[in-house]
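These notes are about the structure you will find just below.
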There are 2 protein chains.
Amino acid sequence: MQITRASEYAMLGLLALARRPMGEVVMLDVVAREEDIPVSFLGKIFQSLARGKLVKSSRGSGGGFMLVRSPETITALEVIEAVEGPVSLTRCLDEDTGCEHAGGCALCGLFAEAQDRVKEVFSSATVAQLSGRHIPGGMVRQARQRERIVFRPQRAAKPAALTEKNAA
Amino acid sequence: MQITRASEYAMLGLLALARRPMGEVVMLDVVAREEDIPVSFLGKIFQSLARGKLVKSSRGSGGGFMLVRSPETITALEVIEAVEGPVSLTRCLDEDTGCEHAGGCALCGLFAEAQDRVKEVFSSATVAQLSGRHIPGGMVRQARQRERIVFRPQRAAKPAALTEKNAA
DNA sequence: TTGAAACAGGACTATTTTTGTCCGGTTGCG
DNA sequence: CGCAACCGGACAAAAATAGTCCTGTTTCAA
């Protein structure tokens, strides 16, 4: 589950589309400038997103990219997987190679659990949600807000204080 | 929070110590052979573990490594952080550089949440637990068991079904 | 006290992954 | 036709990963 810049750029790129009226076509270099991303790299990334059916591209003059689905329905996990392919937290969990440690590896289970948690979080956040709390870079670069907002897969808002024992 | 081979090897190395009587000193190349790890690489890794006070090294003939603390008290998170340093899931969360995206980045919060979940999982698994379900490689390389075992940070076993709304 | 055994630690190297760039091709519009 | 925009593959630079190696230093024990 490597989160590389490509994934981040993909998310930011989609946010740029999401804050426009649904269906609007935006050119690559507009998005790139807005989010401060190298345009040719963003091109590659949007190709992946197009293959993943998250955006649609149109060519020729007046062309560009538009969202295919409404931003409420696109999860961060989808975006990441569209860009990185089927990802795994460690080689142990890689679908192709599998765990290559000697004997019965005790770690795979642990890693799998951790990976599931990450996927839970990423699949519970949508592009629309993120778009809501994003300030694109072109404008106010100093006005960063810093509060942490919850992206917990539906559960009570209270972080449960670590000291509850047997909530049955 | 990159989980590299170094972390995996560190865990496996500690498991090798953990399945011996507490306090026993084991040489590097014994561990390396047992877990099928390049010995010189493992040397480097154990240096980190020693600096992190997880193992103690002794030199000279009859030297080697031993656990400093009982394996029940060593969490996977400690091991990983001893080897990788203070880790972060993405550059956004890196303590030095911090988030470098334009404007107010919506992604940091999401990544932070995911990272917290991973840390929860890794801090809830101990070397002792893992040791229990590990078959070292020297012996039966084909007898891999495959069931997934839970490493959930204490909570009700039921995953709460995603459909509860306002549990105040 | 001398020598060998074992780790310490830094320098070095090889491989892989990430992060891009570049350029010719294709498509679509006017 | 001719330009505007994306497509897609090849390429390249930089960084991270995965080690190796060699020269210590410490310790034990003959």
Side-chain angles (χ1 to χ4, degrees), chain A residues 1-10 12-13 17 24-33 35-52 54-66 68 80 83-85 87-92 94 96-97 100-101, chain B residues 1-10 12-13 17 24-33 35-52 54-66 68 80 83-85 87-92 94 96-97 100-101:
Chain A
M1 173 80 51
Q2 55 282 16
I3 316 279
T4 66
R5 291 204 185 185
S7 297
E8 298 178 12
Y9 291 161
L12 295 177
L17 299 190
E24 183 169 332
V25 173
V26 189
M27 281 193 309
L28 211 50
D29 73 301
V30 171
V31 175
R33 207 169 318 115
E35 295 295 338
D36 200 18
I37 299 170
V39 63
S40 47
F41 194 22
L42 190 62
K44 281 266 172 285
I45 293 166
F46 265 54
Q47 280 181 36
S48 302
L49 295 179
R51 274 191 291 269
L54 297 180
V55 302
K56 196 163 82 65
S57 69
S58 54
R59 306 213 249 197
S61 108
F65 292 89
M66 55 177 281
V68 167
I80 293 169
V83 172
E84 317 261 3
V87 287
S88 43
L89 193 59
T90 71
R91 238 170 298 261
C92 264
D94 189 276
D96 302 326
T97 67
E100 41 195 41
H101 290 304
Chain B
M1 174 81 50
Q2 56 282 16
I3 317 280
T4 66
R5 291 204 185 185
S7 296
E8 298 178 12
Y9 292 161
L12 295 176
L17 300 189
E24 182 169 333
V25 172
V26 189
M27 282 192 309
L28 212 49
D29 73 301
V30 171
V31 175
R33 208 169 318 114
E35 295 296 339
D36 199 18
I37 299 171
V39 63
S40 47
F41 194 22
L42 189 62
K44 281 268 170 283
I45 293 165
F46 266 53
Q47 281 180 35
S48 303
L49 295 179
R51 273 191 291 268
L54 297 180
V55 302
K56 196 162 83 65
S57 70
S58 53
R59 305 211 250 196
S61 106
F65 292 90
M66 55 178 282
V68 168
I80 292 170
V83 172
E84 317 260 4
V87 287
S88 42
L89 193 59
T90 71
R91 237 172 299 260
C92 264
D94 190 276
D96 303 325
T97 69
E100 42 194 41
H101 290 304

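Letters A, B, ... mirror the listed sequences (proteins, then strands); counts begin at 1.
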### Query
Which pair of heavy atoms, one from Val25(B) and one from Ser58(B), lies closest together, and at what distance?
CG1-OG, 4.1 Å
### Query
So what is the end-to-end bend of the helix from dT1(C)-dA30(D) to dG30(C)-dC1(D), with 5 pairs used at each end and the value given to 10 degrees?
0°
### Query
Can you check side chain to side chain contact (heavy atoms under 4.5 Å, CB included) on Leu42(B) and Leu28(B), steps first, answer last?
CA-CA 7 Å; Leu42(B) 189 62; Leu28(B) 212 49; 4.2 Å; yes
### Task
Step by step, work out the side chain to side chain contact (heavy atoms under 4.5 Å, CB included) result for Ile80(A) and Ile3(A).
CA-CA 8 Å; Ile80(A) 293 169; Ile3(A) 316 279; 3.9 Å; yes
## Note on the structure
Taking for Gly64(A) and for Lys44(A) the nucleotide of DNA chain D with the nearest heavy atom, the one nearer the 5' end belongs to Gly64(A)
### Task
Under 4.0 Å from any heavy atom of chain B: name the first and the last nucleotide of DNA chain C that qualifies, 5' to 3'.
dA5(C) to dT19(C)
### Query
Out of Val30(B), Val31(B), Asp29(B), which residue meets the side chain to side chain contact (heavy atoms under 4.5 Å, CB included) rule with Val39(B)?
Asp29(B)
### Message
My understanding is that only one of Phe65(B), Phe41(B), Tyr9(B) makes a side chain to side chain contact (heavy atoms under 4.5 Å, CB included) with Phe46(B); could you say which?
### Response
Phe65(B)
### Message
Looking at every non-hydrogen atom in both residues, tell me the closest pair between Glu8(B) and Arg91(A) and how far apart they are.
### Response
OE2-N, 4.3 Å
### Query
Starting at the 5' end of DNA chain C and moving along, which residue's nearest nucleotide shows up first, Asp29(B) or Val39(A)?
Asp29(B)
#### Entry: Heavy-atom closest pair, residues Ala10(B) and Ile45(B)
CB-CG2, 3.6 Å
### Task
Go through DNA chain D in 5' to 3' direction and return only the first and the last nucleotide with some atom under 4.0 Å of chain A's heavy atoms.
dA4(D) to dA18(D)
### Which residue lies more 5' along DNA chain C, comparing Arg5(A) with Ser61(A) via nearest heavy atoms
Arg5(A)
### Query
Which heavy atom of Val83(A) sits nearest a heavy atom of Ser48(A), and at what distance?
CA-CB, 4.3 Å
### Query
When we call it a touch if two heavy atoms are under 4.0 Å apart, what does Phe65(B) touch: a base, just sugar-phosphate, or nothing?
sugar-phosphate
### Query
Which residue, Gly62(B) or Glu84(B), contacts DNA chain D at a nucleotide closer to its 5' end, judged by nearest heavy atom?
Glu84(B)
### Query
Can you name the nearest heavy-atom pair linking Met66(B) to Leu17(B), along with the distance?
C-CD1, 4.0 Å
